[in-house]
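All remarks here apply to the structure that follows.
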Amino acid sequence: MSKVIYDESKIKTLSSLEHIRLRTGMYIGRLGNGDNPDDGIYILLKEVIDNSIDEFIMGNGNRIDITILDNKVSVRDYGRGIPLGKVVECVSVINTGAKYDNDVFQFSVGLNGVGTKAVNALSKWFRVVSYRDGNYKEAIFERGELKSEKTDKIKSSIQNGTLLEFIPDEDIFPEYAFNINFIEKRIWNYAYLNTGLTLSLNGEIFSSKNGLVDLLSDNIGNETIYNLAHFTEKKLEFAFSHTYNYGEIYYSFVNGQYTSDGGTHLSAFKEGLVKGVNAYYRKNYKSEDVREGMVAAVSVKVQSPVFESQTKNKLGNTEVRSWIVNDTMSAVVEWLQKNSEIAKKLEEKIIHNEKLRTELTAIKKEARTAAKKISIKIPKLKDCKFHLGDKKFGEDSMIFITEGDSASGSMVSCRDVLNQAIFSLRGKPANMYGKTRSEIYKNAELYNLMMALGIENDIENLRYSKIIIATDADNDGYHIRNLMLTFFLLYFEKLITSNRVYILETPLFRVRNKKETCYCYSEKERDREYARLGQNSEITRFKGLGEINPSEFGQFIGKDIRLLPVTIQTIKKVPKILEFYMGKNTPERRDFIMQNLLEEIDA
């Protein structure tokens, strides 16, 4: 083996934009193809809209027009417009911007001077136009390189503001497509957090009069035990209520940025709320009894936010804790004093939670005792070495939930033991619809699954980054998939709302000749590949995961794994959906099945 020469010629200096293109993940997180709401193309859109939101927050412009057509994105705001002499620098030179000046932008998300530069560098075509006091400046870039610029006068009727247009680069985001549902959800969040702002997405209007109250009402519906509490001041806004559902649901934001992983502001809000409740009732209720069944939204404005990553999913500022705790506590006490009837309902809910927790504690003890008699290890779990939270491979950890040993057999021999675990179901798990949480502890299989995932007390202790349901593509497989989703939605809803649950896509067909082998995920793909490879090619139909040879299966759970994320648009629709599909048989469901039944005839 020849020795690699390490000298001055090996030392390279990249420009800022070159570095963004080479180390994209450092700036926008994951890449993806648009199938996940956290994929890079949505981060690009967010970075552009954030700048327009910052203008609104500072009192400039009350409308943002967004258009997405054929993967071309256009965002026009009506703020002050970028100073014309700095238009090119503001979108192409790292650490250039007004976000460092607290007099210009007091509560901004984009404090690092990177946002639009990353969009520019990662777009095959990028255009910026600033309209300012009767003049405009336009600059056009390709993959971060300036191609043209011009300055001229504009008609007096054209309002000040900034127009940004871009087309994501297919070299960075291959075969991408925007999912309009993901974008609509993000736009609604902007509207809820900025009352008085109107956003337009492809002509559809998004606006909110009641802020976080509207957010909870639209997402939770009318299933709350009491009317929503709402508090708002300059730096803090929150709304909350309780439902009869299990678990807790939170929406948290910092300077308009959705913090999916929470952070200091969310933990401080929880602490302040419990302290406020106990101060009013002059009791010492446990925090879990106060918060069980809670739905809440909290938004804070911080002058110098510190996030744990470039994608800003979790706030790290510790200095905000004390004032959020104190303000929340005072507001909760005052609200309960003004709403005595609601205060009675809230205390009834807390006492009910306390009773359920006590009963559940006894059942948990019995279940743990029984589990110890079976085995020290969790039955049917083939664990991996690294888990969520581990610095090494933690974010890549995943667990496959399979139907039976035959299905998991192929996976066991070809999985990556460092970060891929397998839990084998014995068949169809119990339908948990309409049952209390204590029933989990009476069902050995679901209890073992819950313990394997590490979510008995809180999903904060989740052991895997991804939970992947891997069932056959037949009626039994679909039924098991629905049963598992019902289980998660009923008791561990946050697993789905935080985008932790996925469906594994595996090939239905293999088409091959002597020279080439192709795996197809649909009949359309099968027919196309058969026509391409010729009539002498062979077609194999995989009826189950267990039929796929381990030597073949490895590629389907490797770097080219295909995962379908399980998402829900609004939580308020979940109870009706579960009742329809998983509740007692009804004439409506029978009619639905008869109208949508597909008969498959195996040749």
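Only a predicted model underlies this, so the values are computations on that prediction, with no experimental measurement involved.
- For the salt bridge (charged side-chain N to carboxylate O under 4.0 Å, His left out) condition, no pair includes a residue of residues 200-214, sequence neighbours left out.
- Contacts of K466 classified as salt bridge (charged side-chain N to carboxylate O under 4.0 Å, His left out), with partners at least two apart in sequence or in another chain: none.
- Contact of the V295 side chain with the N245 side chain is not registered, since no non-hydrogen atoms from C-beta on lie closer than 4.5 Å.
- A donor-acceptor pair is defined here as one N or O able to donate and one able to accept, closer than 3.5 Å; such a pair exists between the side chain of N202 and the backbone of I68.
- Cation-pi contact between R415 and F400: absent, since separation from the ring centre below 6.0 Å together with deviation from the ring axis within 45° is not met.
- Residues satisfying the salt bridge (charged side-chain N to carboxylate O under 4.0 Å, His left out) criterion with D70, sequence neighbours excluded, are absent altogether.
- Rounded to the nearest 0.5 angstrom, E142 CD and D169 CG are separated by 10.0 Å.
- Between F206 and W188, the ring planes are perpendicular. Angles over 60° get that label, and only those under 30° would be called parallel.
- In this structure E149 satisfies the salt bridge (charged side-chain N to carboxylate O under 4.0 Å, His left out) test together with K137, sequence neighbours excluded.
- Every residue two or more places apart in sequence or in another chain was checked for a salt bridge (charged side-chain N to carboxylate O under 4.0 Å, His left out) with D396, and none qualifies.
- Residues passing the side chain to side chain donor-acceptor pair (under 3.5 Å) test with R512, sequence neighbours excluded: E538.
- Under the side-chain contact (heavy atoms from CB on, under 4.5 Å) criterion, Q535 pairs with Y530, not counting sequence neighbours.
- Aromatic ring orientation, F492 versus F487: perpendicular (interplanar angle above 60°, classes split at 30° and 60°).
- In this structure, the separation between CG on L193 and OH on Y251 is 12.5 Å, given to the nearest 0.5 Å.
- The side-chain contact (heavy atoms from CB on, under 4.5 Å) test applied to R127 returns W125, V129, E138, I140, L163, E165, not counting sequence neighbours.
- Classification of the F386-F393 ring pair by plane angle, with boundaries at 30° and 60°, yields tilted.
- Both tests hold for R541 against F509: distance to the six-membered ring centre under 6.0 Å, angle to the ring axis within 45°.
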Please table the atom pairs, donor to acceptor, closer than 3.5 Å between any side-chain atom in residues 479-486 and protein atoms at least two apart or in another chain.
residue : atom : partner : partner atom : Å
H479    : ND1  : K428    : NZ           : 3.1
T486    : OG1  : N482    : O            : 2.7

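- Between Y519 and F542, the ring planes are parallel. Angles under 30° get that label, and only those over 60° would be called perpendicular.
- The side-chain contact (heavy atoms from CB on, under 4.5 Å) test applied to S52 returns I64, V75, D77, not counting sequence neighbours.
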Handout entry: Working for side-chain hydrogen bond (donor to acceptor under 3.5 Å, both in side chains), residues Y192 and D218
Key = CA-CA 10 Å; Y192 295 135; D218 291 346; 2.7 Å; yes
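- With rounding to the nearest 0.5 Å, the separation of OH in Y521 from CG in L508 is 9.5 Å.
- Between the CD1 atom in I467 and the CG atom in L453 there is a gap of 4.5 Å [rounded to 0.5 Å].
- Listed by chain and residue number, D383, H387 satisfy the side chain to side chain donor-acceptor pair (under 3.5 Å) test with R463 (two or more places apart in sequence, or in another chain).
- At a threshold of 4.0 Å, the pair D171-K124 does not count as salt-bridged, since none of the basic side-chain nitrogens sits closer than that to a carboxylate oxygen.
- Listed by chain and residue number, L504, L545, F553 satisfy the side-chain contact (heavy atoms from CB on, under 4.5 Å) test with T506 (two or more places apart in sequence, or in another chain).
- No side-chain heavy atom of F556 sits less than 4.5 Å from a side-chain heavy atom of M411.
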Exercise for the section: Give the C-alpha distance, both sets of side-chain angles, the deciding distance and a yes or no for salt bridge (charged side-chain N to carboxylate O under 4.0 Å, His left out) between E529 and R510. Expected result: CA-CA 9 Å; E529 294 304 320; R510 179 182 62 204; over 6 Å; no
